[in-house]
2 protein chains.
Amino acid sequence: MQNKVTIKDIAKTLGVSISTVSRALKDHPDISESTRNLIKNFAQEINYRPNVLALSLRRQKSNTIGLIIPEIVHHFFSSVISGMEDLSYREGYNIIICQSTENQFREATALQTLIDHRVDGILVSLSKSTQNFSQFKKAQEEGFPMVFFDRICESIETDRVVMDDLEGGRLATEYLINKGCQNILHLAASPILLIGRNRRDGYLQALKDHNIPIKEELILKCDTQEEVSTLRNHLYELLPQIDGVFAVNDSTAIAMIQILKKKGYRIPQDIKVVGFGDGPNATIVEPALTTIEQKGYDMGRESVRLLLQRLNNPSASISYQTRVFPPTLKIRESA
Amino acid sequence: MQNKVTIKDIAKTLGVSISTVSRALKDHPDISESTRNLIKNFAQEINYRPNVLALSLRRQKSNTIGLIIPEIVHHFFSSVISGMEDLSYREGYNIIICQSTENQFREATALQTLIDHRVDGILVSLSKSTQNFSQFKKAQEEGFPMVFFDRICESIETDRVVMDDLEGGRLATEYLINKGCQNILHLAASPILLIGRNRRDGYLQALKDHNIPIKEELILKCDTQEEVSTLRNHLYELLPQIDGVFAVNDSTAIAMIQILKKKGYRIPQDIKVVGFGDGPNATIVEPALTTIEQKGYDMGRESVRLLLQRLNNPSASISYQTRVFPPTLKIRESA
DNA sequence: AACGATTTCGCAAACGTTTGCGCTTGAAAA
DNA sequence: TTTTCAAGCGCAAACGTTTGCGAAATCGTT
């Protein structure tokens with residue numbers, strides 16, 4: 001840190017007290033216009049800037065919010081970050097970012113770090129592997145404002161920002177059914193994740209609604225490009241009996257499309273594919289991916305909006321809100 | 001911020017002085033084993049955690065580093081962030097992230113904010129539009145440790161982390177030439193950006209090396225997907241006279257491929273295309289994109305490594321380093 | 001028994017702010 | 001001339017730490 005000029009220095013060179021400088025700089029009425037101008041001009045001249053650290057300590061408020069996110073290199077999550085940064089920038093808050101890399105231990109460390117830094121609130125999307133929420137619970141009990149987004153924790157009452165994942169899964173699956181699919185493979189996320197369960201439940205719901213029998217073997221835990229690759233042989237065996245695929249995210253949907261094409265299946269004629277996310281890849285793959293749109297940027301903004309709303313009404317009387325974004329199906333060529 | 005327990009509270013309930021608590025907690029030899037244990041146990045019990053803000057103020061060191069980045073929703077940049085976060089996490093630093101959104105004004109604000117927050121150092125990649133570096137110069141003169149990465153500033157002496165963009169451009173272009181191309185279109189970034197100029201110069205270099213005449217009309221400022229779209233008609237006119245394209249980044253290369261395919265050109269038979277970046281899209285587009293690999297994660301790590309090295313050797317005697325990553329050509333199907 | 005040397009701890013200043021309170025002024029009111 | 005009062009300013013505590021220095025207590029040594 002630098003040899004920055006402080007309020008003390010100004011006081012000394014101008015021959016006034018520290019408190020006078022402080023008050024003058026914030027237009028306190030106790031200070032005469034002449035000394036106020038003197039001080040303000042001088043401060044400007046030497047480019048005085050208050051020490052935010054000292055301010056935070058004094059005010060017991062850091063104007064900083066902490067973010068715990070599973071992955072940064074991820075279109076949805078990076079969009080979320082972008083939305084968060086945009087709004088908090090406007091509102092005078094800064095973001096400290098921590099990446100859990102889908103690792104529960106690192107997630108816990110991150111939480112502790114952020115608390116240690118006395119952030120005013122925390123935004124978090126859980127890692128895939130997190131099953132123990134005790135640290136979050138403790139933070140919650142200590143009155144730490146938290147907003148969960150996307151990958152939320154059901155057992156903790158907080159503000160939340162989510163998609164209607166169940167409806168998304170239902171929508172995607174129903175679309176496939178309406179297009180004539182009867183044997184739909186679901187590439188699912190881990191059931192540890194609520195969003196994974198919800199999207200799967202949406203899939204099941206759609207089948208039920210249309211009186212299509214559920215086949216357990218058509219639900220496969222497979223939520224990354226790599227996993228598609230390792231499960232390749234098993235997938236090959238499944239292909240002859242399916243006419244549709246609903247993948248829990250775009251990248252596995254796309255990996256699936258690539259496998260299908262390699263095996264000579266025509267999309268969408270032989271097998272139809274729907275993804276989830278609507279990232280930039282969706283329009284690059286051929287055929288272009290029909291998928292559920294997920295508004296990361298907006299969800300990011302909404303998360304900090306909720307957080308700030310709570311920070312600004314410390315009365316704590318507002319009951320917890322859950323903001324749910326409706327899914328929309330982007331119809332393209334893959335289904 | 002919360003009603004967290006402080007060192008003072010511990011002192012009071014245990015009937016010792018504040019300084020004793022402080023020393024006990026950090027195993028200062030002056031404190032007897034018995035009181036040390038007493039204090040440490042109690043601290044653990046009530047889950048005491050030091051106030052980082054107070055520490056930073058006292059130590060004049062925040063263990064925080066600031067990041068100014070043009071865009072977060074961008075594969076290369078998010079990879080950079082990820083690498084930065086990983087290493088700084090390990091080294092006990094936190095990252096405050098600011099997005100300039102390619103806006104010079106916002107970039108300046110971000111810089112000021114970070115300085116106000118007394119970050120220990122700053123990592124920055126310039127916005128596309130930045131032509132005035134005075135604020136950075138001032139920060140530099142005040143002794144603020146800075147590392148520029150990717151989009152660096154030539155006129156300021158700092159540590160730098162870059163790719164050999166010229167060599168990358170040369171490599172890409174030469175590859176096209178060796179494949180038989182004679183009329184290569186270059187979709188270029190703004191010449192304001194050094195990386196834009198360098199990649200273009202690499203293109204020119206390769207042409208010269210192979211005695212191919214340079215045609216100014218084959219160098220087009222066009223570095224986004226959107227710009228490809230707006231320049232569509234102009235591009236159509238150009239197509240009959242070209243047999244190769246070197247695009248300054250993957251997304252414009254891909255947009256170009258899509259246009260070419262729509263117009264009935266076969267890739268790579270009729271026109272070959274090379275991109276720059278090697279993001280995930282490169283393997284999704286068809287034909288898969290031949291492109292220059294850009295190691296964002298590694299460049300991010302290297303940037304904080306350089307920064308920390310400087311922070312840990314405040315002697316300031318080390319001369320500024322420029323770490324340059326060699327480009328490699330990922331050969332796929334588009335060329 | 002007296003002394004010096006340790007051991008063990010507390011005081012207080014400092015980091016850079018804000019802010020309640022009290023102290024000077026000078027002028028207006030009595 | 002004295003009293004009153006507001007205007008204008010400074011003192012000092014506080015936010016939560018660390019740390020140099022001094023002081024008290026304990027101990028061993030003659």
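First the proteins, then the strands, lettered A, B, ... as listed; each starts at 1. Source: prediction; values computed, not measured. Only this structure's heavy atoms are used, side chains among them; waters, hydrogens and symmetry mates stay out.
In this structure, B/R151 fails the cation-pi test against B/F148, since its NZ or CZ atom is not both closer than 6.0 Å to the six-membered ring centre and inside 45 degrees of the ring normal. Remark: B/R323 qualifies as a cation-pi partner of B/F325 under the 6.0 Å distance and 45° angle criteria applied to the six-membered ring.
With salt bridges taken as basic N to acidic carboxylate O contacts below 4.0 Å, one links B/R106 and A/D86.
Taking atom CG on B/N63 and atom P on D/dT17, their separation rounds to 16 Å, with Å as the unit. Rounded to whole Å, atom C1' of C/dG10 lies 15 Å from atom CG of B/L14. The distance from atom NZ of A/K12 to atom P of C/dG16 is 11 Å, rounded to the nearest whole Å. Separating the NZ atom of B/K61 from the P atom of C/dG16 is a distance of 16 Å, rounded to the nearest angstrom. For the pair B/D27 CG and C/dT8 C1', the computed distance is 15 Å after rounding to whole Å. The NE2-C1' distance, from A/H28 to C/dG20, rounds to 10 Å in whole Å. Rounded to whole angstrom, the span from the NE2 atom of A/H117 across to the C1' atom of D/dT17 amounts to 15 Å.
Remark: the A/T101 side chain and the A/N103 side chain contain no N/O donor-acceptor pair separated by less than 3.5 Å. Checking A/S82 against B/Q99 by side-chain atom types alone, a donor-acceptor pair falls below 3.5 Å. Side chain to side chain, B/Y48 and B/D9 fail the donor-acceptor criterion of an N or O pair below 3.5 Å.
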Reading nucleotides 7-15 of chain D 5' to 3', which nucleotides get B (base under 4.0 Å from a protein heavy atom), which S (sugar-phosphate only), which -? -BBBBB-BB
